[in-house]
Amino acid sequence: MKTLPRSFYARDPAAAARELLGKILVRRLTGHVLSGKIVETEAYYGENDPASKAYRGRKPFNEPMFREAGKTFIYMVHGNWLLNIVAHQEGEVGAVLIRALEPLQGIEVMKRNREAENLKALTSGPGRLTKALAITRDLNGVDVTDSHSDLTVVEGSFVESFEVCTSHRIGVKADLPQKLRFYVKANPFVSRS
DNA sequence: AGGAAGATCTACT
DNA sequence: GTAGATCTTCCTA
């Protein structure tokens with residue numbers, strides 16, 4: 001399957017977040033491949049977005065959000081690693097948080113990583129999916145547009161516009177007026193409707 | 001040093 | 001479905 005090019009991420013974070021629905025996140029481990037369809041995302045901006053990690057300016061840890069689109073930005077919240085893909089136009093700041101996947105390949109390995117059997121809870125949440133796919137800070141800054149990376153995003157199924165739902169972002173203290181969360185309607189792996 | 005943070009799990013009403 | 005404990009970094013003082 002074709003790996004998404006950097007130009008895919010070099011645009012408004014909300015547009016990239018919307019278009020990532022239906023794409024396949026691929027995690028390569030020695031010996032096996034884990035993958036899942038992206039069914040829920042959120043867009044984050046820079047200094048004008050109070051919920052963004054970049055809100056208070058450039059810091060060593062949020063540096064990736066200011067740098068090249070198409071690379072990962074991974075950080076820990078409440079003991080969970082959260083996976084973002086940097087997405088913004090040239091000179092801007094932003095990223096897309098991957099919030100939920102529909103498991104495709106390597107389900108048994110994901111269950112082992114998660115130490116849980118329940119398929120529906122395997123990757124239906126930003127902290128759950130990183131644990132299932134063994135994503136940690138080690139993968140921070142990885143280029144997901146490079147087909148040789150341990151983590152990439154490839155073409156998947158097209159999601160019709162009537163299947164896309166939007167809402168305000170989950171768990172944020174101060175949200176923007178726009179709805180920046182995108183998810184696939186009626187998909188059982190969405191973290192919540 | 002202390003606390004907040006884009007969450008999750010468990011144990012209940 | 002909601003409530004409380006706990007998870008581990010990074011920020012602020």
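Everything numeric here is computed off the predicted structure, so don't read it as measured data. Order of the sequence lines fixes the chain letters, A, B, ..., with proteins taken first and strands second; residue numbering starts at 1 for each chain.
Proximity note for A:Tyr44 (side chain, C-beta onward) versus C:dC10, B:dG6, B:dA7: the nearest is B:dG6. For A:His78, whose side chain is taken as the heavy atoms from C-beta onward, the closest listed nucleotide among C:dC11, C:dC7, B:dG6 is C:dC7. Comparing atom distances between the A:Trp81 side chain and each of B:dG6, C:dT9, C:dT12 picks out C:dT9 as nearest. Out of C:dT8, B:dG6, B:dA7, the shortest distance to the side chain of A:Met76 is found at C:dT8. Of the candidate nucleotides C:dT9, B:dG6, C:dT12, B:dG6 has the atom nearest to the side chain of A:Tyr75.
A donor-acceptor pair is defined here as one N or O able to donate and one able to accept, closer than 3.5 Å; no such pair exists between the side chain of A:Ser124 and the backbone of A:Ala100. No side-chain donor-acceptor contact under 3.5 Å links A:Ser191 to the backbone of A:Gly125.
Shown here, C:dC7 forms no base pair; nothing in the strands shown gives a Watson-Crick or G-U wobble contact with both key distances under 3.5 Å.
Atom CZ of A:Arg99 is separated from atom P of B:dT8 by 7 Å (rounded to the nearest Å). Atom NZ in A:Lys131 sits about 10 Å away from atom C1' in C:dC7, given to the nearest Å. Rounding to whole angstrom units, CG of residue A:Asn62 and P of B:dG6 are separated by 13 Å. Counting to the nearest Å, the P atom of B:dT8 and the CG atom of A:Asn118 are 14 Å from each other. Residue A:Lys120 contributes atom NZ, which lies 15 Å from atom P of B:dT8 at whole-angstrom precision. Computed from coordinates, the A:Arg56 CZ to C:dT12 P distance equals 6 Å when rounded to whole Å. Remark: P of C:dC10 and CD of A:Glu63 are 14 Å apart, rounded to the nearest angstrom. Put simply, CD on A:Glu40 is 16 Å from P on B:dG6, counting in whole angstrom units.
The phosphate of B:dG6 (OP1 or OP2) has a side-chain N or O of A:Lys53 nearer than 4.0 angstrom. Between A:Arg137 and C:dC10 there is a side-chain polar atom (N or O) within less than 4.0 angstrom of OP1 or OP2. One finds a side-chain N or O of A:Arg128 lying less than 4.0 angstrom from the OP1 or OP2 phosphate oxygen of B:dC9. Dashed line: the shortest gap from a side-chain N or O of A:Arg114 to OP1 or OP2 of B:dC9 is under 4.0 Å.
Side-chain contact between A:Ile135 and A:Ile74 is present, with at least one heavy-atom pair separated by less than 4.5 Å.
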*Apply side chain to side chain donor-acceptor pair (under 3.5 Å) to the pair A:Arg99 and A:Thr41, showing each step before the final yes or no.*
CA-CA 5 Å; A:Arg99 285 194 56 89; A:Thr41 58; over 6 Å; no
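Heavy-atom neighbours of A:Phe66 CZ from other residues, nucleotides or ligands within 6.0 Å: above the threshold of 12.
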